Amino acid sequence: MVDDDLWSAVGDPTRRRMLDLLLSEGGGTATSLSERLPVTRQAVAKHLVVLDRVGLVHATAIGRERQFRVDPEQLARAVAQLADVGAAWDARLHRIRRIAETIQHRADENGQQSTEKEQ
């Protein structure tokens, strides 16, 4: 089952970049992330709220700032959902390809039969 809120959260390229930064650096604050991204600190804070709401990140208060870390279990859940959706689409595309090949094969046979009748 696909979690639409989770997919919506990771569907935004800025949030995906934030997750990459948090993973590579072991965590970060809205301030530290805004220094590495082409958006304001306020925009980063809003993105972090979205990621926190779906459980992809968790915050710990450190002084006046909040330190965010990626939740590995929730990230693994998102990756598993992505793999499931990818597999489903691969199967659909494979069926479409078989249908197209069948149609093309029939068209080739009909074309060949018409040519034989003309001779």
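Heads up: numbering here begins at 1 and tracks the sequence. Everything numeric here is computed off the predicted structure, so don't read it as measured data.
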Under a 4.5 Å cut-off applied to non-hydrogen side-chain atoms, are Asp20 and Arg17 in contact? yes

Qualifying side-chain hydrogen bond (donor to acceptor under 3.5 Å, both in side chains) pairs with a residue from residues 86-99, counting only residues at least two apart or across chains: His94-Arg98, Arg97-Glu101

Group every Ile, Leu, Val, Met, Phe, Trp and Tyr by side-chain heavy-atom contacts under 4.5 Å, then state whether Leu23 and Leu21 land in the same group. yes

Using 0.5 Å steps for rounding, measure from the NE2 atom of His105 to the CG atom of Asn110. 10.0 Å

Name all residues meeting the side chain to side chain donor-acceptor pair (under 3.5 Å) criterion together with Arg106; count only those two or more places apart in sequence or in a different chain, and write none if there are none. none

Under the criterion side-chain contact (heavy atoms from CB on, under 4.5 Å), I'd like the reasoning laid out for Leu33 against Leu48: C-alpha separation, chi angles, the key distance, then a yes or no. CA-CA 10 Å; Leu33 290 169; Leu48 287 167; 4.0 Å; yes

Flag the pair Thr29 / Ile62 as yes when at least one side-chain heavy-atom distance between them is below 4.5 Å, and no otherwise. no

Within-4.5 Å side-chain heavy-atom neighbours: Asp12 and Val50: no

Can you find a pair of side-chain heavy atoms, one from Thr31 and one from Val44, that are under 4.5 Å apart? no

Which residues share a side-chain contact (heavy atoms from CB on, under 4.5 Å) with Ser8, sequence neighbours left out: none

For Leu6, enumerate each residue passing the side-chain contact (heavy atoms from CB on, under 4.5 Å) test, keeping only those at least two apart in sequence or located in another chain. Asp3, Val54, Leu56, Gln74, Arg77, Ala78, Gln81

Ignoring hydrogens and angles, tell me if any N or O in the side chain of Arg15 forms a donor-acceptor pair with the backbone of Val10 under 3.5 Å. no

Sequence neighbours excluded - salt bridge (charged side-chain N to carboxylate O under 4.0 Å, His left out) pairs with any residue from residues 55-67: Arg41-Glu65

In this structure, CG of Asp52 is separated from CZ of Phe68 (nearest 0.5 Å) by 6.0 Å

CG of Leu37 to OG1 of Thr14, rounded to nearest 0.5 Å, is 7.0 Å

Do Arg53 and Asp5 make a side-chain contact, defined as non-hydrogen atoms from C-beta onward lying under 4.5 Å apart? no

Going by side-chain contact (heavy atoms from CB on, under 4.5 Å), name the residues that satisfy it together with Leu82, two or more places apart in sequence or in a different chain. Trp7

Working for side-chain contact (heavy atoms from CB on, under 4.5 Å), residues Arg69 and Thr60: CA-CA 8 Å; Arg69 295 192 190 288; Thr60 306; 5.9 Å; no

